[in-house]
Structures are given as C-alpha cells and as structure tokens.
Amino acid sequence: MFFEWFITEQSEIRTAMTYKYDYWLVILSIVIATLAAYSAFDTFDRLNAARHQIAQIAWLSTGAVTLGGGIWSMHFIAMLAVEMDMVVHYDIALTILSAAVAIAASGLAMRIVSAGKKSVMRTLSGGVILGAGIGVMHYMGMAAMRMEASLQYDPLVFGISIIVAVVMSSLSLRLLDFGLAARSLAVKSCGAVLMGLSIASMHYTGMAATYFTPGEAHVMTSNMFLSHTALAMVVGGVAFIATQITLIASILSRQFEQKDRELTSQGLYLEKVLENAVDGITLIRPDGKIIVVNPVMEACFGYSKAELIGQNISMLMSDDNARHHNDYLRDAQTTKLKTLGTVRELSARRKDGSYFPIDIAVSSIELPDGRYFMGVLRDITERKATEDERDRLISELRFNRDLMVEQAQRANFLAEELSAQKRVAEANRKRSDYLARHDALTQLPNRRFFFEHLEKVLSSSIAPGCAVAVLFIDLDKFKMVNDVMGHERGDKLLIEVTKAISDCIRQTDMVARIGGDEFAVATNVVTSNDNSEARILAERICNSLRIPVDTDGEPIIIGASVGVAMYPIHGENIDDLMKSADAAMYQAKNAGRNRFRFSGQTV
C-alpha cells in the first residue's frame, strides 16, 4: 500500500490533472510562515533567558504553538491557493493531527537546541526533527484532502522536499544561534526569513512532487470533513489565535521581565548589602540548616560559602552552645523568646577548632514558605582584648593607687612619727636645757642660768641713775630641819621658801637657787644714798621668812640672812659682785641671823 503513493510509470504522469496557484495567497503563505518563525525565534530568545522552570515551560509552549501553528497555517493557506476543477474537502481528524505534529516537532526542536551548551550537533538534531516534522505535517495535510481524484508522489521530488526542509531548518536554527549569541536583530531576522522560506520551500517542493489523478476518489472512513470555505475560516482562526498567543505572551513577557528586573535588582541590592556588610550575616531554616552567608562569615570562621551552605549552624558554636541550640530553635518557633532581637555574647568555633568571642543578634523572619532566622554577628576578639587590657590597666592602676595610698599613709605615719620624735626630741632638748638651767626641786633658775641672766643684764646698757642689786640669801636653821625632820620635810620647806621669795619680787626680777639652802635675786633699782629699793626688797624677803612655814600641817619658823651688793659700786663683774654679796650675807649671819646687810656696811 505504501508504494501505491508513488508514481512508477510515465503514463501516470500524463493522466494527472493540472492546477494553478493564486499567487497572492502564495505570498501570504510565505509571509505567514516568516512571521510565525520570527515570533517563535523571539520566544526562543526569551526561553534561553528564562531562569525559572515554569517560565521555561511557558516560553517553550508558546514558541511551539507559534511556530507549529505558523507551519500549519502556511500549509493550508498554500492549499487554498491551489485552483483545481473539482471540490476539495479536508478530513478534520487528519487536519487536527497534522497541526499537533507541527506543534510537537517545533517544541521538541526548540527544546533540543535550547538545552545545554550550544553546538553544531544540537542544531543539526533540532533541524532534522523540525524538518521531518514539517514534512510529516505537509504530507499528513495532503492525506486529509477529500476529492474525486487520487494522490501520488514523484519519489525523487518527495525525497528532495524532505531534504530541503531539514537542511533549511538546520541553517535557520544555526543562524538563530548566531543571532542570539551576538544579540543581533538582523541575524535573527535572517534566520526567521530562512525558516519561513524553509517551510514554504518544503511545501511547494512537496506540491511539485504531487500528482492528482481524476476518476478515483480519495476516500477515508471518517464522515467529518471541512469544506474549502470552512478550511479558510479554520486557518484564519488558527492564525488569529497564534497571533493573539504571541501578543499575550509578549505582554506577559514584558511584565515578567519588569518583575524579573525588579527582583534581579533587589537581589543585586541584597547581594551587595551582604557583600559590603561589616558584620557577618546568615539565614538559617527552622532546622538550623544554613541557606545564606556573606563574605564576612567566611572570613570569620575560615569556611568557604560552599562548605557552609546546607550545614547546621551548630558547627560554628562552642560545644556548650551547640548542645542547647536545637532546644533554642524549637522554643523560638513556639514561643517568643526574650533573646530574639537582643545582642548576646557567645563563644564561636572556627574551622581550625579555635574559639573566639562574638556578639550576635538573632531575629525571626516570616517568609511565604515558612519561618526563618537571621543572625547578625560580629567578631569581638579585638574589643575583648582591648577590654581585658583596659581591665588589666584599671586593676594595675587601682593596685598602684592602693599601694600609693598605703605608701602615702605609711609616709604620713612615718612623718607623724618623725614629727612626734622631733617633738619629743625638742621637748627632751628643751627639758634638758630647762633642767640644765633650772633647779629640779623648786623649778627656779639655777646658778648657771642666774649667771647668764646677770651677764646679759650687766652687759646691756643701764640707764643713768640706775643700778643692779644682787641679793644673796642663805636660810637659817635649814641644816637642822634636814637632819632632824628628814630630807623630805626639807624639800617641802625649800618649796615653800621659793613661793615666799617669789611673792616678794617683781616680774622683771629673777630669783634662783644657787645652792642647797642658798638663793639669789637680781633686780634693777634706782640708786639713792640709802639704797631704799634694795633695802625694801631685802627687808620684805627677811620678813616673809620670819613667819611660820607650813609643812604637812607643822609650821616651822626659820629665818634668812641676806647680803646685798650693788653694781657697779660693789663689783664691776659677776664674780666680784657675787663675792661682795656673799660677804655681806655672812656679815648678816654674824650679826645674829635673820637680817640683811649691804656689802661694806659696818656693824
């Protein structure tokens, strides 16, 4: 039966019917094929640019329908251009099946050429499939013709038509590859024109191979046929639908491209933000798997991005933190943890196993496909080192301050102790000086102090008409008191005598104890013929010592012998003056005691 389709004898050609073309429809068929090819190639460009599987399927389907519909429309428009002397109908089932073949071949060819790396072999494979599909669609469409004639083909021209379809389809797809690679509209347009010519060439070469023999009806079992007018309406509808599909696809494409550009721009912004962030940023799933890291994360932990993606975030934690991490994530999904959004200090682990301190803030992000957690962290090794150094310096400063305070306190203590020692030494010095110049019992100036005072008085200028009187006092009966009543009673007696003599002199005068029971008084007096001032003082002292002196409730009556010498009358120096006063005192004793005498005074 297969060989019945082909002409085997020359006589069969002579009996074939003749026909002619409506050239306007021929031109229209070629234009339709070219426009369909260009639209398909445009969708092919978008197919290559699509990154999502859904978009790829959509563009592949659109391209297949556009190119397959164009091939099918071109064929039947060209068939409408054939003018024969008989009525022609078309079997609906075969007509629809031919369209499906054209669409399937177009989609398969586009899929092969667009998948993987571009190569001549892929282009050739796509061309073979597309050319074969064009041929199958053409001859299936021819088989759908119903008329009062039979169809037969010239075997040679039949084969040439298939070869033309394959070769020109391959060339047009190759041109398409070059046009897409170079982003050249001219090259892509040439490819579309070549594809349109490929479809038309195959059709009209196939028509050249076709012979219509009248008399024997070309009949099939189906009772569903399309008339010539109905075919024109169907072809117009298919062309319109293909045009609308392409238009809608173009509109959707622009919208998708705009959205894709926005998403791409946002993605680039986000990528740049992640790349230039000074902190480490990571995004993890609820199960702890890492899905996003930025370069700072790689630098901090020593892992590459490929090593981190898909791993559990716990690999970057210390053992103690890792043990509680899963519980932390579970609690974060069921309750609102207080630690979310707050900065915590943790110990992190590098790829080499070393640990370092980080500040980390974890926040929860709700995305369409679920809940995620974003961590922002910072390596605070340098800050901790600075804080440790600061704490060390503060501790050292405090220690030094405490040491300085202690040393200052010790210095103050030593200074106070030294000052106290100086005060004691000064007091001791003064005490020693005082004791060296005073009598220990009566606290009166001693002989040394008295002589120093007298030396100072005598060496100073004495006003005219004035003199210095020295009174030498010796107690009467004192030895008897010491011998009979004891030294303690004698000492008390000396103290009472000191008080008595001190009450008799002026503040400018000096009284001193110069011996055991001997006292001396130095006073400035105004001279007169009777030496009245010195006489009055001597008489007052004698009288004060004639009264009873109370010692422990027992009054003792003693007396005193007083010798008076006047400077410069009785001596011009201390020794002479003291000798004169001493001699005058003995004169008083010899005169009966308890009295006074002036130096040189006769009895």
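Numbering of residues begins at 1 and proceeds along the displayed sequence.
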Can Lys499 and Ile495 be said to form a side chain to side chain contact (heavy atoms under 4.5 Å, CB included), step by step? CA-CA 6 Å; Lys499 292 179 180 180; Ile495 292 173; 4.2 Å; yes
Parallel, tilted or perpendicular: ring planes of His438 versus Tyr434, cut at 30 and 60 degrees: parallel
If we ignore hydrogens and angles and just use 3.5 Å, is the side chain of [X] paired with the main-chain N or O of [Y] as donor and acceptor?
| X | Y | answer |
| --- | --- | --- |
| Asp476 | Ala560 | yes |
| Asp509 | Arg506 | yes |
| Arg546 | Ser544 | no |
| Arg513 | Gly516 | yes |
| Ser502 | Thr498 | yes |
| Asp582 | Met578 | no |
| Asn446 | Ala436 | yes |
| His570 | Ser580 | no |

Could you tell me which non-hydrogen atom of [X] sits nearest to which non-hydrogen atom of [Y], and how far apart they are?
| X | Y | result |
| --- | --- | --- |
| Ala469 | Met566 | CB-SD, 3.5 Å |
| Val564 | Ala534 | CG1-CB, 4.1 Å |
| His453 | Ala522 | CD2-CB, 4.4 Å |
| Met317 | Arg349 | O-NH2, 3.1 Å |
| Phe356 | Thr381 | CB-OG1, 3.7 Å |
| Cys504 | Ala500 | SG-O, 3.2 Å |

Output all residues satisfying ring-ring contact (aromatic ring centres under 6.0 Å, His included) with Tyr355, sequence neighbours left out; order by chain, then residue number. none
Test Glu496 against Lys492 for salt bridge (charged side-chain N to carboxylate O under 4.0 Å, His left out), laying out the working first. CA-CA 6 Å; Glu496 292 300 326; Lys492 290 182 179 181; over 6 Å; no
Within the 4.5 Å heavy-atom criterion, are [X] and [Y] side-chain neighbours or not?
| X | Y | result |
| --- | --- | --- |
| Tyr303 | Met297 | no |
| Val296 | Asp379 | no |
| Leu377 | Phe301 | yes |
| Phe598 | Arg535 | yes |
| Thr523 | Ile505 | no |
| Thr282 | Val293 | yes |
| Val292 | Ile281 | no |
| Glu539 | Val562 | no |

Would you say [atom1] of [X] has more than 12 non-hydrogen atoms from neighbouring residues, nucleotides or ligands within 6.0 angstrom?
| X | atom1 | value |
| --- | --- | --- |
| Arg410 | CZ | no |
| Lys579 | NZ | no |
| Glu387 | CD | yes |
| Glu382 | CD | no |

Roughly how far, to the nearest 0.5 Å, is [atom2] of [Y] from [atom1] of [X]?
| X | Y | atom1 | atom2 | value |
| --- | --- | --- | --- | --- |
| Tyr567 | Leu454 | OH | CG | 9.5 Å |
| Lys351 | Glu307 | NZ | CD | 3.5 Å |
| Ile541 | Ile501 | CD1 | CD1 | 6.0 Å |
| Tyr372 | Arg285 | OH | CZ | 7.0 Å |
| Leu494 | Phe478 | CG | CZ | 3.5 Å |
| Met585 | Leu471 | CE | CG | 12.0 Å |

Just jot down the side-chain hydrogen bond (donor to acceptor under 3.5 Å, both in side chains) partners of Glu396, sequence neighbours excluded, or say none. Arg392
Give the intermediate values and the outcome of side chain to side chain contact (heavy atoms under 4.5 Å, CB included) for residues Leu475 and Phe519. CA-CA 8 Å; Leu475 298 179; Phe519 296 85; 4.0 Å; yes
Check step by step if side chain to side chain contact (heavy atoms under 4.5 Å, CB included) holds for Arg383 and Asp359. CA-CA 11 Å; Arg383 193 190 79 187; Asp359 274 348; 2.7 Å; yes
Basic-acidic side-chain contact under 4.0 Å: Asp279, Arg378: yes
Salt bridge flag under 4.0 Å for residues Asp503 and Arg540: no
Between Arg390 and Thr386, do the side chains contain an N or O donor and an N or O acceptor separated by less than 3.5 Å? no
Residue from Ile291, Asn294, Ile313 passing side-chain contact (heavy atoms from CB on, under 4.5 Å) with Leu283: Ile291
Determine whether the aromatic ring centres of residues Tyr586 and Phe472 are separated by less than 6.0 angstrom. no
Test salt bridge (charged side-chain N to carboxylate O under 4.0 Å, His left out) on Arg423 and Glu426 and set out the steps. CA-CA 5 Å; Arg423 289 194 297 271; Glu426 181 65 18; over 6 Å; no
Worked check of salt bridge (charged side-chain N to carboxylate O under 4.0 Å, His left out) between Lys456 and Glu452: CA-CA 6 Å; Lys456 186 182 297 184; Glu452 289 176 358; over 6 Å; no
